[in-house]
Amino acid sequence: MKPQKPAPKTLEPKKRRAIIFDIGRVLVRLDIAGAMGGLAGMISLTPQETWAAIEHDPRWHDWQEGRMSPRDWQLHICRRLGVNLTFEQFSDIWNRVLDPTPLLDGAFLESLSKRYCLAVLSNTDPIHVAELEKRFDFFRFFEHRIYSCVVGACKPSPLIFRAALQACKTTADNAIYIDDIPAYVEAARQLGMTGIVFQSPEQLRADLELFGENLQKKN
(Lines give C-alpha, C1' and ligand atoms only; values in the text may rest on other atoms or scores of the structure.)
Protein backbone atom coordinates (compact mmCIF):
# COMPACT_ATOMS: atom_id res chain seq x y z
CA MET A 1 0.00 0.00 0.00
CA LYS A 2 1.40 3.32 -1.02
CA PRO A 3 1.83 5.76 1.85
CA GLN A 4 -0.76 8.46 1.75
CA LYS A 5 0.48 11.90 0.88
CA PRO A 6 -0.08 14.46 3.61
CA ALA A 7 -3.01 16.74 2.93
CA PRO A 8 -1.90 20.05 1.47
CA LYS A 9 -1.77 22.83 3.99
CA THR A 10 -4.54 25.33 3.72
CA LEU A 11 -3.10 28.76 3.19
CA GLU A 12 -4.49 31.29 5.59
CA PRO A 13 -5.91 34.34 3.87
CA LYS A 14 -3.88 37.48 4.31
CA LYS A 15 -5.15 39.76 7.00
CA ARG A 16 -6.80 42.84 5.61
CA ARG A 17 -4.79 46.02 5.92
CA ALA A 18 -6.67 49.16 6.93
CA ILE A 19 -6.08 52.88 7.41
CA ILE A 20 -8.53 54.57 9.74
CA PHE A 21 -8.84 58.37 9.69
CA ASP A 22 -10.21 60.86 12.16
CA ILE A 23 -12.26 63.55 10.38
CA GLY A 24 -11.93 66.93 12.12
CA ARG A 25 -8.56 68.63 11.47
CA VAL A 26 -7.39 65.59 9.51
CA LEU A 27 -9.78 65.30 6.56
CA VAL A 28 -11.81 68.46 7.18
CA ARG A 29 -10.73 71.84 8.48
CA LEU A 30 -12.75 73.17 11.42
CA ASP A 31 -13.78 76.81 11.81
CA ILE A 32 -15.11 76.84 15.36
CA ALA A 33 -14.70 80.60 15.79
CA GLY A 34 -16.64 81.28 12.60
CA ALA A 35 -19.44 78.92 13.55
CA MET A 36 -19.76 80.04 17.14
CA GLY A 37 -19.73 83.65 16.01
CA GLY A 38 -23.27 83.02 14.82
CA LEU A 39 -24.30 82.23 18.38
CA ALA A 40 -21.91 84.54 20.20
CA GLY A 41 -23.41 87.53 18.42
CA MET A 42 -26.67 86.85 20.26
CA ILE A 43 -25.17 86.48 23.73
CA SER A 44 -22.50 88.10 25.90
CA LEU A 45 -19.83 85.44 25.22
CA THR A 46 -16.95 85.32 22.75
CA PRO A 47 -16.99 82.51 20.14
CA GLN A 48 -14.31 80.67 22.15
CA GLU A 49 -16.31 80.99 25.38
CA THR A 50 -19.45 79.83 23.58
CA TRP A 51 -17.74 76.69 22.27
CA ALA A 52 -16.19 75.96 25.68
CA ALA A 53 -19.64 76.25 27.28
CA ILE A 54 -21.09 73.80 24.75
CA GLU A 55 -18.20 71.28 25.01
CA HIS A 56 -18.45 71.29 28.81
CA ASP A 57 -22.21 71.02 28.82
CA PRO A 58 -23.35 68.13 31.06
CA ARG A 59 -25.17 66.55 28.13
CA TRP A 60 -22.33 66.82 25.60
CA HIS A 61 -21.47 63.12 25.78
CA ASP A 62 -25.15 62.17 25.50
CA TRP A 63 -25.22 64.17 22.26
CA GLN A 64 -21.95 62.78 20.91
CA GLU A 65 -22.88 59.20 21.81
CA GLY A 66 -26.36 59.24 20.29
CA ARG A 67 -28.49 59.46 23.41
CA MET A 68 -30.08 62.77 22.36
CA SER A 69 -31.97 63.55 19.19
CA PRO A 70 -30.89 66.56 17.08
CA ARG A 71 -34.02 68.50 18.00
CA ASP A 72 -33.58 67.79 21.71
CA TRP A 73 -29.98 69.02 21.45
CA GLN A 74 -31.06 72.18 19.64
CA LEU A 75 -33.69 72.96 22.28
CA HIS A 76 -31.28 72.18 25.10
CA ILE A 77 -28.48 74.44 23.80
CA CYS A 78 -30.87 77.26 22.93
CA ARG A 79 -32.24 77.17 26.47
CA ARG A 80 -28.75 77.04 27.98
CA LEU A 81 -27.56 80.03 25.93
CA GLY A 82 -30.82 81.93 26.06
CA VAL A 83 -31.26 82.19 22.28
CA ASN A 84 -34.34 81.69 20.14
CA LEU A 85 -33.51 79.71 16.98
CA THR A 86 -35.48 77.35 14.80
CA PHE A 87 -34.00 73.91 14.19
CA GLU A 88 -33.02 74.96 10.66
CA GLN A 89 -31.29 78.12 11.92
CA PHE A 90 -29.47 76.18 14.61
CA SER A 91 -28.36 73.47 12.17
CA ASP A 92 -27.02 76.10 9.77
CA ILE A 93 -24.90 77.66 12.53
CA TRP A 94 -23.82 74.25 13.82
CA ASN A 95 -22.59 73.18 10.38
CA ARG A 96 -20.58 76.35 9.76
CA VAL A 97 -17.79 74.71 11.76
CA LEU A 98 -17.12 72.45 8.74
CA ASP A 99 -14.81 74.36 6.42
CA PRO A 100 -15.70 73.49 2.79
CA THR A 101 -12.07 73.01 1.66
CA PRO A 102 -10.79 69.49 2.50
CA LEU A 103 -7.37 69.08 4.06
CA LEU A 104 -6.36 66.06 1.98
CA ASP A 105 -6.39 65.73 -1.78
CA GLY A 106 -9.01 63.41 -3.27
CA ALA A 107 -6.49 61.80 -5.62
CA PHE A 108 -4.31 60.89 -2.63
CA LEU A 109 -7.23 59.24 -0.83
CA GLU A 110 -8.26 57.43 -4.00
CA SER A 111 -4.78 55.97 -4.40
CA LEU A 112 -4.83 54.74 -0.80
CA SER A 113 -8.27 53.20 -1.28
CA LYS A 114 -6.86 50.95 -4.01
CA ARG A 115 -4.33 49.41 -1.60
CA TYR A 116 -6.09 49.56 1.76
CA CYS A 117 -9.48 49.34 3.36
CA LEU A 118 -10.20 52.96 4.34
CA ALA A 119 -12.46 53.98 7.21
CA VAL A 120 -13.31 57.13 9.13
CA LEU A 121 -13.69 57.12 12.90
CA SER A 122 -14.99 60.26 14.53
CA ASN A 123 -16.48 61.68 17.71
CA THR A 124 -19.39 63.45 16.07
CA ASP A 125 -23.14 63.99 16.00
CA PRO A 126 -26.04 63.32 13.60
CA ILE A 127 -26.25 66.92 12.32
CA HIS A 128 -22.58 66.96 11.36
CA VAL A 129 -22.70 63.43 9.92
CA ALA A 130 -25.50 64.37 7.53
CA GLU A 131 -23.71 67.54 6.43
CA LEU A 132 -20.31 65.87 6.07
CA GLU A 133 -21.58 63.07 3.86
CA LYS A 134 -23.59 65.50 1.74
CA ARG A 135 -20.86 68.10 1.32
CA PHE A 136 -17.64 66.10 0.80
CA ASP A 137 -17.32 63.70 -2.11
CA PHE A 138 -14.15 62.07 -0.71
CA PHE A 139 -16.37 59.89 1.49
CA ARG A 140 -16.82 57.61 -1.50
CA PHE A 141 -13.29 56.33 -0.89
CA PHE A 142 -14.14 55.17 2.64
CA GLU A 143 -15.72 51.73 2.85
CA HIS A 144 -16.67 52.15 6.50
CA ARG A 145 -17.76 55.11 8.60
CA ILE A 146 -17.67 54.72 12.36
CA TYR A 147 -19.34 57.55 14.26
CA SER A 148 -19.58 57.92 18.04
CA CYS A 149 -23.27 58.85 17.77
CA VAL A 150 -23.93 55.47 16.11
CA VAL A 151 -21.57 53.28 18.14
CA GLY A 152 -22.60 54.86 21.45
CA ALA A 153 -19.01 55.45 22.57
CA CYS A 154 -16.46 58.22 22.08
CA LYS A 155 -12.69 58.14 21.68
CA PRO A 156 -10.60 57.25 23.61
CA SER A 157 -12.90 54.35 24.55
CA PRO A 158 -11.58 51.03 23.17
CA LEU A 159 -15.15 50.24 22.08
CA ILE A 160 -15.13 52.66 19.16
CA PHE A 161 -11.69 51.56 17.95
CA ARG A 162 -12.75 47.91 18.10
CA ALA A 163 -15.89 48.77 16.14
CA ALA A 164 -13.65 50.20 13.39
CA LEU A 165 -11.42 47.14 13.33
CA GLN A 166 -14.45 44.86 13.18
CA ALA A 167 -15.96 46.87 10.32
CA CYS A 168 -12.69 46.63 8.38
CA LYS A 169 -12.43 42.89 9.16
CA THR A 170 -8.86 43.32 10.32
CA THR A 171 -6.72 43.06 13.41
CA ALA A 172 -5.10 45.91 15.30
CA ASP A 173 -1.61 45.01 14.11
CA ASN A 174 -2.78 45.38 10.50
CA ALA A 175 -4.30 48.84 10.96
CA ILE A 176 -3.01 52.40 10.98
CA TYR A 177 -4.91 55.09 12.88
CA ILE A 178 -4.53 58.83 12.12
CA ASP A 179 -5.70 61.63 14.43
CA ASP A 180 -4.62 65.16 15.30
CA ILE A 181 -5.12 64.49 19.04
CA PRO A 182 -2.13 62.62 20.54
CA ALA A 183 -4.20 61.07 23.35
CA TYR A 184 -6.49 59.39 20.80
CA VAL A 185 -3.52 58.12 18.80
CA GLU A 186 -2.06 56.69 22.00
CA ALA A 187 -5.38 54.95 22.77
CA ALA A 188 -5.17 53.25 19.36
CA ARG A 189 -1.56 52.25 19.99
CA GLN A 190 -2.54 50.69 23.31
CA LEU A 191 -4.78 48.35 21.33
CA GLY A 192 -1.91 47.38 19.03
CA MET A 193 -2.56 49.71 16.10
CA THR A 194 0.08 51.83 14.39
CA GLY A 195 -0.65 55.44 15.29
CA ILE A 196 0.14 58.64 13.40
CA VAL A 197 -0.39 62.11 14.90
CA PHE A 198 -1.54 64.31 12.02
CA GLN A 199 0.30 67.61 11.65
CA SER A 200 0.14 68.36 7.93
CA PRO A 201 -0.68 66.64 4.63
CA GLU A 202 3.03 66.50 3.76
CA GLN A 203 3.97 64.89 7.08
CA LEU A 204 1.13 62.38 6.73
CA ARG A 205 2.26 61.31 3.25
CA ALA A 206 5.80 60.74 4.54
CA ASP A 207 4.65 58.79 7.60
CA LEU A 208 2.23 56.67 5.59
CA GLU A 209 4.94 55.82 3.12
CA LEU A 210 7.12 54.60 5.98
CA PHE A 211 4.46 52.80 8.02
CA GLY A 212 2.54 51.62 4.98
CA GLU A 213 5.59 49.92 3.51
CA ASN A 214 6.22 48.13 6.81
CA LEU A 215 2.60 47.03 6.95
CA GLN A 216 2.75 45.69 3.40
CA LYS A 217 5.94 43.73 4.14
CA LYS A 218 4.29 41.93 7.08
CA ASN A 219 1.84 40.12 4.82
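Worth saying up front: this structure is predicted, and the values here are computed from it rather than measured. By convention here, the first residue in the shown sequence is residue 1.
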Engineer: Using 0.5 Å steps for rounding, measure from the CD1 atom of Ile127 to the CD1 atom of Ile93.
Structural biologist: 11.0 Å
Engineer: Report yes or no: does Arg189 contribute a side-chain atom to a donor-acceptor pair with the main-chain N or O of Gly195 at less than 3.5 Å?
Structural biologist: yes
Engineer: What's the verdict on side-chain contact (heavy atoms from CB on, under 4.5 Å) for Ile23 and Thr124, showing C-alpha distance, side-chain angles and the deciding distance?
Structural biologist: CA-CA 9 Å; Ile23 297 178; Thr124 191; 5.6 Å; no
Engineer: Just by distance, do the side chain of Glu133 and the backbone of Phe139 share a donor-acceptor pair under 3.5 Å?
Structural biologist: no
Engineer: Please report the interatomic distance CE(Met68) to SG(Cys149), rounded to the nearest 0.5 Å.
Structural biologist: 13.5 Å
Engineer: Is the CD atom of Gln166 crowded by more than 12 outside heavy atoms at less than 6.0 Å?
Structural biologist: no
Engineer: Just by distance, do the side chain of Gln74 and the backbone of Leu85 share a donor-acceptor pair under 3.5 Å?
Structural biologist: yes
Engineer: Is there a donor-acceptor pair under 3.5 Å between the side chain of Arg205 and the backbone N or O of Ser200?
Structural biologist: no
Engineer: Same cluster or not: Val26 versus Val129, using hydrophobic residues (I, L, V, M, F, W, Y) connected whenever any side-chain heavy atoms lie under 4.5 Å apart?
Structural biologist: yes
Engineer: Checking side-chain contact (heavy atoms from CB on, under 4.5 Å) for the pair Asp207/Phe198: CA distance, chi angles, key distance, verdict?
Structural biologist: CA-CA 9 Å; Asp207 283 353; Phe198 180 85; over 6 Å; no
Engineer: Can you check side-chain contact (heavy atoms from CB on, under 4.5 Å) on Leu109 and Phe142, steps first, answer last?
Structural biologist: CA-CA 9 Å; Leu109 295 173; Phe142 291 89; 4.2 Å; yes
Engineer: Is the shortest side-chain heavy-atom distance between Val185 and Ile196 below 4.5 Å?
Structural biologist: no
Engineer: Over all heavy atoms of both residues, which pair between Trp63 and Pro70 is shortest? Give the atoms and the distance, please.
Structural biologist: CZ3-CA, 3.5 Å
Engineer: Taking Leu75 as the starting point, is it possible to reach Phe90 by hopping between hydrophobic residues whose side chains are less than 4.5 Å apart?
Structural biologist: no
Engineer: What is the distance from atom OG of Ser122 to atom CG of Leu132, rounded to the nearest 0.5 Å?
Structural biologist: 7.5 Å
Engineer: Closest approach of Asp179 and Ile181, non-hydrogen atoms and distance?
Structural biologist: OD1-N, 2.9 Å
Engineer: Could you go through Asp125 and Trp94, starting from their C-alpha distance and side-chain angles, then the distance that decides it, and tell me whether this counts as side-chain hydrogen bond (donor to acceptor under 3.5 Å, both in side chains)?
Structural biologist: CA-CA 11 Å; Asp125 59 80; Trp94 193 251; 3.1 Å; yes
Engineer: Side-chain heavy atoms nearer than 4.5 Å, only ILVMFWY residues, links allowed to pass through others: does that put Leu210 and Met193 together?
Structural biologist: no
Engineer: Work out which heavy atom in Asn123 is nearest to a heavy atom in Cys154; give both atom names and the distance.
Structural biologist: OD1-CA, 3.4 Å
Engineer: To the nearest 0.5 Å, tell me how far Met36 CE sits from Leu39 CG.
Structural biologist: 5.0 Å
Engineer: How many angstroms lie between NZ in Lys169 and CG in Asn174, if you round to the nearest 0.5 Å?
Structural biologist: 15.0 Å
Engineer: So, Arg140 side chain and Asp137 main chain: donor-acceptor pair closer than 3.5 Å or not?
Structural biologist: yes
Engineer: Is the closest side-chain heavy-atom distance between Ile20 and Val120 below 4.5 Å?
Structural biologist: no
Engineer: Mind checking the CZ-OG1 spacing from Arg17 to Thr194? Nearest 0.5 Å is all I need.
Structural biologist: 12.5 Å
Engineer: Would you find a donor on one side and an acceptor on the other, under 3.5 Å apart, between the side chain of His56 and the backbone of Ala52?
Structural biologist: yes
Engineer: Any heavy-atom pair between the side chains of Asp57 and Arg80 that's under 4.5 Å?
Structural biologist: yes
Engineer: I want to check something: taking the side chain as every heavy atom from C-beta on, are His61 and Arg67 in contact at a cut-off of under 4.5 Å?
Structural biologist: yes
Engineer: Would you say Cys117 and Thr170 make side-chain contact, with heavy atoms under 4.5 Å?
Structural biologist: no
Engineer: Sort and list the pairs that fulfil side chain to side chain donor-acceptor pair (under 3.5 Å) and have at least one residue in residues 22-34, not counting sequence neighbours.
Structural biologist: Asp22-Lys155
Engineer: Between the side chain of Thr50 and the main-chain N/O of Thr46, is any donor-acceptor distance below 3.5 Å?
Structural biologist: yes
Engineer: Give me the atom names and distance for the closest heavy-atom approach of Ile19 to Ile178.
Structural biologist: CG2-CD1, 3.6 Å
Engineer: Leu103 and Val28: same hydrophobic cluster, using ILVMFWY side-chain contacts below 4.5 Å?
Structural biologist: yes
Engineer: Which pairs with one or both residues in residues 95-113 pass side chain to side chain donor-acceptor pair (under 3.5 Å), sequence neighbours excluded?
Structural biologist: Asp92-Arg96
Engineer: Under 3.5 Å, side chain of Ser148 to main-chain N/O of Gln64, donor-acceptor pair present?
Structural biologist: yes
Engineer: Any side-chain heavy-atom pair from Trp73 and Trp60 closer than 4.5 angstrom?
Structural biologist: yes
Engineer: Give the C-alpha distance, both sets of side-chain angles, the deciding distance and a yes or no for side-chain contact (heavy atoms from CB on, under 4.5 Å) between Leu121 and Ile160.
Structural biologist: CA-CA 8 Å; Leu121 187 162; Ile160 194 167; 4.0 Å; yes
Engineer: Heavy atoms only: give me the nearest Ala33-Gln48 pair and the separation to one decimal.
Structural biologist: CB-NE2, 4.0 Å
Engineer: Quick one, Glu143 and Leu118 - any side-chain contact, counting heavy atoms below 4.5 Å?
Structural biologist: no
Engineer: Between His144 (side chain only) and Ala167 (backbone N and O only), is there a donor and an acceptor less than 3.5 Å apart?
Structural biologist: yes
Engineer: Is it true that a side-chain atom of Gln203 and a backbone atom of Val197 form a donor plus acceptor pair closer than 3.5 Å?
Structural biologist: yes
Engineer: If I compare all heavy atoms of Tyr177 with all of Tyr184, which pair ends up nearest, and what's the gap?
Structural biologist: CE2-O, 3.9 Å
Engineer: When you group the ILVMFWY residues by side-chain heavy-atom contacts below 4.5 Å and let the links chain together, are Phe87 and Ile54 in the same group?
Structural biologist: yes
Engineer: Phe138: which residues meet the ring-ring contact (aromatic ring centres under 6.0 Å, His included) condition with it, sequence neighbours left out?
Structural biologist: Phe136
Engineer: Taking the side chain as every heavy atom from C-beta outward, state whether Leu204 and Phe21 have any pair of such atoms under 4.5 Å apart.
Structural biologist: yes
